Number of protein chains: 2
Amino acid sequence: MPIVTAPASVETITRLRLVVMRLSRLLRQQSADELSPTLTSTLSTVERRGPLTLGELAAAERVQPPSMTRAVARLEERGLVTRVPDPVDRRTARVSISAAGSKTLTAARRRKNAYLAERLTTLTAEERASLERALPLLERLVGDQL
Amino acid sequence: MPIVTAPASVETITRLRLVVMRLSRLLRQQSADELSPTLTSTLSTVERRGPLTLGELAAAERVQPPSMTRAVARLEERGLVTRVPDPVDRRTARVSISAAGSKTLTAARRRKNAYLAERLTTLTAEERASLERALPLLERLVGDQL
DNA sequence: TATTGTTATACTCTATAACTATA
DNA sequence: TATAGTTATAGAGTATAACAATA
């Protein structure tokens, strides 16, 4: 471990930005037919963190409330989430995943993962381990709390 | 190098997908006022790989030709790239970065990097090193050829 | 008044399909 | 005919501003 904590280099940062944008584009294209990355991410958060208000969801997904209104409306149309009005504060409702939502998410995950998994086979086991070690760091970068 | 190459776990792949989408969203938001991630990425490719035809650019950025037509048109409007018609094949032209384009890219890089760099300060030097090791692997995942 | 969420509107990015110009 | 690129069109995702309902 180095003693001096040099800041990340300009080149590293630039490459990180570019590779993230390109990878996200690839993932978005790949999922054209199914649940979009945006809806998948939202549905995953609903599944993982239980019933949430729209505002909490927007904060978790780091989008503005109108964007989340739209995303939840789509998920609801497709029967993947339900909204239960808060009995105390009638301005809000809790969004929960439905049985169909869980099922859809599982199936979507399988297909989406298959695509990435196929690309990951080009890496050695050691390289994949290296990638796994970097994963929590990326998550901290986006402020992901498990 | 290990003998057995265990496949990446479902959980790892899922997390990789989600974190990439969230990070890309964060980066896109952050650059609302300046050069968008799409234009930045395109301009970076033009800078790095020299004069390219529109088709070559589309392939490099992994978008369809109409998307690239649009991106290049925007960059051209803003004087960041130039198109030089191919003297032999008059259907095509070579796209090059302009002096203004280089200048803009450098400035954009500085601002965009500042944002990511700030977030990277929450990592230890060792963690940043870990992230740097993973970077080329992510690049291979998207098929980035330097 | 303040907060939560929605509606209205606009813009970027991307795609597919159909077309034009050139080879 | 085949290829390179463009135009037409559509849809997702996101934002800001203005609004409505409730606290």
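The shown structure was predicted, so the numbers you read here are calculated from the model rather than taken from an experiment.
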- Query: Does B:Gln29 have a side-chain nitrogen or oxygen under 4.0 Å from the phosphate oxygens OP1 or OP2 of D:dT14?
  - Reply: no
- Task: Could you tell me whether a side-chain N or O of B:Arg48 sits under 3.5 Å from a main-chain N or O of B:Val46, the two making a donor and an acceptor?
- Result: no
- Item | Main-chain N/O of B:Leu18 paired to A:Glu139 side chain as donor or acceptor, under 3.5 Å | no
- Message: Classify A:Arg25 by what it touches in the nucleic acid, base, sugar-phosphate, or nothing, heavy-atom distance under 4.0 Å.
- Response: sugar-phosphate
- Would you say the side-chain atoms of B:Ser67 pair up with the backbone N or O of B:Val63, donor to acceptor, closer than 3.5 Å? no
- Message: Students often get this wrong, so: under 4.0 angstrom with heavy atoms, is B:Thr69 touching a base, only sugar-phosphate, or nothing?
- Response: base
- Query: Got a salt bridge between A:Arg49 and A:Glu56, using NZ or NE/NH1/NH2 to carboxylate O under 4.0 Å?
  - Reply: no
- Task: Report which part of the nucleic acid A:Val88 touches: base, sugar-phosphate, or nothing (heavy-atom distance under 4.0 Å, all strands).
- Result: sugar-phosphate
- A:Ser36 near the nucleic acid: base, sugar-phosphate alone, or nothing, with a heavy-atom cut-off under 4.0 Å? sugar-phosphate
- Residues A:Glu11 and A:Arg15 bridged, charged N to O under 4.0 Å: yes
- Message: Using heavy-atom distances to pick each residue's nearest nucleotide on DNA chain D, tell me which of A:Ala71 and A:Arg91 is more 5'.
- Response: A:Ala71
- Note on the structure: Of all heavy-atom pairs linking B:Asn113 and A:Arg17, the shortest is OD1-NE, 3.2 Å
- Task: In whole angstrom, give the distance that lies between atom CZ of A:Arg70 and atom P of D:dA12.
- Result: 7 Å
- Message: Considering every strand and a 4.0 Å limit on heavy-atom distances, what is the contact class for A:Arg74: base, sugar-phosphate, or nothing?
- Response: sugar-phosphate
- So, A:Glu34 and A:Arg110, do they make that salt bridge, N to O below 4.0 Å? no
- Query: What does A:Thr38 touch in the nucleic acid at a heavy-atom separation under 4.0 angstrom: a base, only the sugar-phosphate, or nothing?
  - Reply: sugar-phosphate
- Leading and trailing nucleotides of DNA chain C with any atom under 4.0 Å from heavy atoms of chain B: C:dT12 to C:dA23
- Return the value, rounded to whole Å, for the distance between atom CG of A:Leu27 and atom C1' of D:dG13. 16 Å
- Query: For the side chain of A:Arg90 and the base of D:dT22, is some donor closer than 3.5 Å to an acceptor across the two?
  - Reply: no
- Task: Consider the side chain of B:Pro66, meaning its heavy atoms from C-beta on, and name the nucleotide among D:dA23, D:dG13, D:dA8 that approaches it most closely.
- Result: D:dA8
- For the side chain of B:Arg133 and the backbone of A:Ser130, is there at least one donor-acceptor N/O pair under 3.5 Å apart? no
- Query: For B:Arg83 and D:dT6, is the shortest distance between a side-chain N/O and OP1 or OP2 below 4.0 Å?
  - Reply: yes
- Query: Given that A:Leu39 and A:Pro87 both sit by DNA chain D, which one's nearest nucleotide is further toward the 5' end?
  - Reply: A:Leu39
- Query: Between B:Glu77 (CD) and D:dT6 (P), how many Å, whole number?
  - Reply: 13 Å
- Checking D:dT14, D:dA8, D:dA15 against the side chain of A:Gln64 (C-beta onward), the nearest is D:dA15
- Residues of residues 52-59 of chain A with any non-hydrogen atom less than 4.0 angstrom from an atom of DNA chain D: list those, numerically ordered, please. none
- Query: Would a distance-only check, ignoring hydrogens and angles, find a side-chain to backbone donor-acceptor pair under 3.5 Å from A:Arg83 to A:Arg94?
  - Reply: no
- Message: Would you say B:Ser41 and A:Arg22 are linked by a side-chain donor-acceptor pair, where the criterion is simply a distance under 3.5 Å?
- Response: yes
